[in-house]
Amino acid sequence: MDIPKTYDPKQAEEHHYARWEKQGFFAPEVNQDQDAPAFSIAIPPPNVTGSLHMGHALQHTMMDVLARYKRMCGQRTLWLPGMDHAGISTQLMVTRELKKEGLTRHDLGREKFVERVWKWKAESGGQITKQMRREGASVDWSREKFTMDEDLSRAVREAFVRLYDDGLIYRGNRIVNWCPNDQTVLSDLEVLKEPQVGKLYYLKYPVKHSDRFVTVATTRPETMLGDTAVAVNPLDERYLDLVGETLLLPLTDREIPVIADEYVEQEFGTGAVKITPAHDPNDYEMGVRHNLAQIVVIDQYAKMTPEAGADFAGLDRYKAREKIIEKFTELDLIEKVVDYEFSISKCERCKTVLEPLISTQWFCRMDQLRDLALEHMAREEKPRFFPEVPYRKVYTDWLENLRDWTISRQLWWGHQIPAWHTPAGDVVVARTHEEARLKAGDVELTQDPDVLDTWFSSALWPFSTLGWPEKTADLETFYPTSVLVTARDIIFLWVSRMVMMGLKFEGKRPFADVFVTGTILDKHGQRMSKTKGNGVDPLEVFDKFGVDATRLTLASVGTTDTRWNEKQVESYRNFANKIWNATRFCLLNSDGAKVDPGLLAGDLQSLPLHDRWIISRLHKTARDVRAALAEYQFHEAVQTLYHFFWDDFCDWYIELSKAAITSEEASAERTTSRSRLLSVLEQALRLLHPFMPYITEELWQQLPGVNGELLHPAYKTAPATIMLTGYPEGLTDLIDEQAEEEMQMVIDLISRVRNIRSEMNIKPGERVTLIIGAGDQRLRSVFSASSEQIARLARAADVSIAAELIAPKASARAVLGGGAELAVPLEGLIDFEQERQRLGKELGKLESEAESLRKQLANPQFIERAPVEKVEALRQRLEDISQRSSQLQQTLKNLG
RNA sequence: AGGCGCGUAGCUCAGUGGUAGAGCACUACCUUGACACGGUAGGGGUCUGGGGUUCAAAUCCCCACGCGCCUACCA
């Protein structure tokens, strides 16, 4: 047998995924159990323009762990993949491409442009789907969806029409966030607020028929051309007499009133606010309240309109600002200019400063939808957020303050709004052109040119991907989905909207749980971003350390932000190598043996202690991992598995088994031991599989005796793969606390001997003699039964066990739990002074613990108020420590 | 401006009422027939600071300091 000493992840990563996919292991149909409960996850669809980053890798790892785990538990598992058409991003991407050819999208026209986008998608879109295969993601590619697919587009139209018919979608003329660069409206959630250091200009407006002025403060002087009032607080004594007066708006021939409104804060600026209803959201509101005219002075390209006057028409908004200041200065109408820090709204995509504009758009009313979600949370406590704090509150608070959603976009790439205009100006909303014609009669119909916000189709994702509005079998089986794994930044954009739409259209929440992951930061604690260029490419990490090691690292991240730490991946790479070599050992000693789970069950009482122990540890590990995953405690699960495999299985079980496994003589006993070792290993690989799919499959396939019989009953006709074996149960019946306790005594004994050897500088090759004294009969028999293994692991030539400790004076000594004592005769080697110090240190530790225990037990209030079992546990602990302590004192005394 | 989170060993992080944990780094020894991506033993923390609740606080409450995030219509 020729097995390399070092694990090469690439080799394993090359073959298995293709086989899993081809054999249909990812599709729920592989499950033959008609009664199997369903488990489903709809992937947060990555943008078609995107490529894999750490955030994806993190979420995908967690989803894949859950999917593989549930599949191994026999559940009918569907993890559905797909992509989002990402309206603005994709349109920008293709527009940039065209620009290189010297073209604009208008040169092509809408139809050709959209064709071009589809072509781009076919050629370069969806990088991420290839990269997900590398991750090992067990998604069902046969059900892959794209938000612009015909069936999903039909779902979008259906949803739109139903919402419209229910009065939840309307068309209106309102002030909106406009991106002058992308030439589209944006919803409030797509606006980026950035702090900005700018200036606050104090402008003086003359009062008509008076020599007085009213001074207003503004950060955007250019909007003054659209002012239709100046507002003051009704309680502001400074301006009481001015309310109702008229001002002469400089640079124009307009006269505007001074109005009173409680919105105005007296403390800020001068207490007088210029009101530009057409170009500021707050002024717009006030304009509506006071019936003010809306004068549009800035157009959709952020240039001044003719309404701004001949001097300004056509000027860019910033140029206009300069010119306004110039003119005000000339007229001596500037009181002062001060530095001022405020926040500015930018386009999330292109970072252009947005322009609030009045525009006709489609809106979705959110009050009723919001109430559906809030009621569901109040009544059912769903969805359940992990972690519940703070996300449940973040989610409900946001819903409570929700405003209407601007759902139209002036783009070409996306779902065109299913509404048609008649020459008479009527609007007909329908699923298809034909339906619109039926509704409108025999008139010319023009479809509304706008498309829907990308997030509109995303909101339908959990059910549109399963065939809605048709009542498909998939929808029946897999909706609602089980859990949503996502990053916190789309709780509003996406999570809440899915809940509302799911409840609205299916009457059921889209998912039961929402697991919110933390963020992976760079090593300086900064967010990874393209613009900063500080991102770590998951594919490079895969290449360097292997996919499995990367997955373990990611699974350990959990819900708090964590700095990227390559050392962590390296240590999991080492862990993968450890698994490789442990298996290598088992295989090198597998002659005549084979995997047989039967060797780990049934009547175990006749087995050697270490066998009973590892079987118990195995089940406890399975139990703990299951409990951890039930609460999405990935970190906990990884830690449990890591220590079980490395500490329990490798450091102790393999070492304790070596004598039996490697004995020269072939024997039935040797074969059974080898088979049992292989069987424990096989179970351990199963436990690890959801986290480390590649190495576990690679090694599992090499174990002698693996075949279809090891698969979970639900998959019994499938070809042999670790993917479809049963996940170890972790049955309480197979957890043997006594074996664990006894083994711990043996482990402690061996560790103490090693400690003595190390402290006494005994050469590793040198054999020592062990003398053990234990008054307790059970302890003696435990040590006796394991004496050969104790000798082997402690490198002892001889082990003697008696009720009384009788040992030469020149011995190093130790006191163990349960009253047992240990002596290692070291004639000629022992330095009595050093030994005294060593024991003294030991005694000191015990004494200080005993001290604090005594103090606690002497406190009557503790005895009175603490739970009885707590008090009892402390008493026992003190008793044990006292015994060991007095034994140690005696030992020290004997040393002279 | 409000809201929230975080601050634990040199580093990256677990732990959320009952004797402080892991990995890496560090020290010593070891080419022991699975593995030096390894083995054995070991050192290292007044759990940011201060107050409070409790028999008992890293853990719950309050205050302060530091870091970060989110929400918001102060021109």
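Order of the sequence lines fixes the chain letters, A, B, ..., with proteins taken first and strands second; residue numbering starts at 1 for each chain.
Residue A:Lys870 is classed as a base contact, given a heavy-atom separation below 4.0 Å to a base. Within 4.0 Å (heavy atoms only), A:Glu851 reaches no atom of the nucleic acid at all. Among the heavy atoms of the strands, none lies under 4.0 Å from A:Ser852. Within 4.0 Å (heavy atoms only), A:Pro867 reaches at least one base atom of the nucleic acid. Nucleic acid contact for A:Gln639: sugar-phosphate only, since backbone atoms but no base atoms lie under 4.0 Å from a heavy atom of the residue. If you check every strand for non-hydrogen atoms under 4.0 Å, A:Phe492 touches sugar and phosphate atoms only. Using a 4.0 Å heavy-atom cutoff across all strands shown, A:Pro281 reaches no nucleic acid atom at all. The residue A:Cys650 sits close to a base: some heavy atom pair falls under 4.0 Å. Nucleic acid contact class of A:Asp651 (heavy atoms, under 4.0 Å, all strands): sugar-phosphate only. Counting non-hydrogen atoms under 4.0 angstrom, A:Arg838 reaches nothing in the nucleic acid.
Within the cation-pi definition used here (under 6.0 Å to the ring centroid, within 45° of the axis), A:Lys204 qualifies as a partner of A:Phe213.
Contact check, A:Asn581 against B:G38: no side-chain N or O comes under 4.0 Å of OP1 or OP2. Checking the phosphate oxygens (OP1, OP2) of B:U12, a side-chain nitrogen or oxygen of A:Arg563 falls inside 4.0 Å. At the phosphate of B:A75, OP1 or OP2 sits under 4.0 Å from a side-chain N or O atom of A:Tyr340. For the pair A:Asn282 and B:C74, the criterion of a side-chain N or O lying under 4.0 Å from OP1 or OP2 is not met. For the pair A:Lys578 and B:G39, the criterion of a side-chain N or O lying under 4.0 Å from OP1 or OP2 is met. Within the structure, every side-chain polar atom (N or O) of A:Arg795 is placed at least 4.0 Å from both OP1 and OP2 of B:U40. The side chain of A:Trp564 contributes no N or O atom lying less than 4.0 Å from OP1 or OP2 of B:C11. One finds a side-chain N or O of A:Lys193 lying less than 4.0 angstrom from the OP1 or OP2 phosphate oxygen of B:C73. Applying the 4.0 Å criterion to OP1 and OP2 of B:C70, one finds that A:Lys393 has every side-chain N and O outside that range.
Closest to the side chain of A:Phe342, from the set B:G18, B:A41, B:A75, is B:A75. Of the candidate nucleotides B:U19, B:C30, B:U12, B:U12 has the atom lying nearest to any side-chain atom of A:Thr562.
Donor-acceptor pairing under 3.5 Å is recorded for the side chains of A:Ser885 and A:Glu847.
In terms of polar N and O atoms assigned as donor or acceptor, the side chain of A:Glu655 comes within less than 3.5 Å of the base of B:A34 in a complementary pairing. Judged by distance alone with a 3.5 Å cut-off, a donor-acceptor contact links the side chain of A:Arg877 to the base of B:U19. Donor-acceptor pairing under 3.5 Å, judged by distance alone, is absent between the side chain of A:Arg584 and the base of B:C35. Residue side chain A:Lys658 reaches the base of B:A34 through a donor-acceptor N/O pair under 3.5 Å, judged by distance alone.
Minimum interatomic distance between A:Arg752 and A:Arg884 (heavy atoms only, all atoms of both residues): NH1-NH2, 4.3 Å.
For an aromatic pair to be called close, the ring centres must be under 6.0 Å apart, and A:Phe515 with A:Phe634 satisfies this.
We find that CG of A:Leu521 is positioned 17 Å from P of B:C11, with the value rounded to whole Å.
The backbone N or O of A:Leu846 lies less than 3.5 Å from no partner atom in the side chain of A:Ser848, so there is not a single donor-acceptor pair.
Counting heavy-atom neighbours within 6.0 Å of A:Glu879 CD, excluding the residue itself, gives a total of 12 or less. Surrounding CD of A:Gln526 are more than 12 heavy atoms belonging to other residues, nucleotides or ligands, all under 6.0 Å away.
Between A:Arg573 and A:Asp397, the residue anchored closer to the 5' end of RNA chain B is A:Asp397, taking for each the nucleotide with the nearest heavy atom.
Taking a pair to require two hydrogen-bonding distances under 3.5 Å in either a Watson-Crick or a G-U wobble arrangement, B:A9 remains unpaired.
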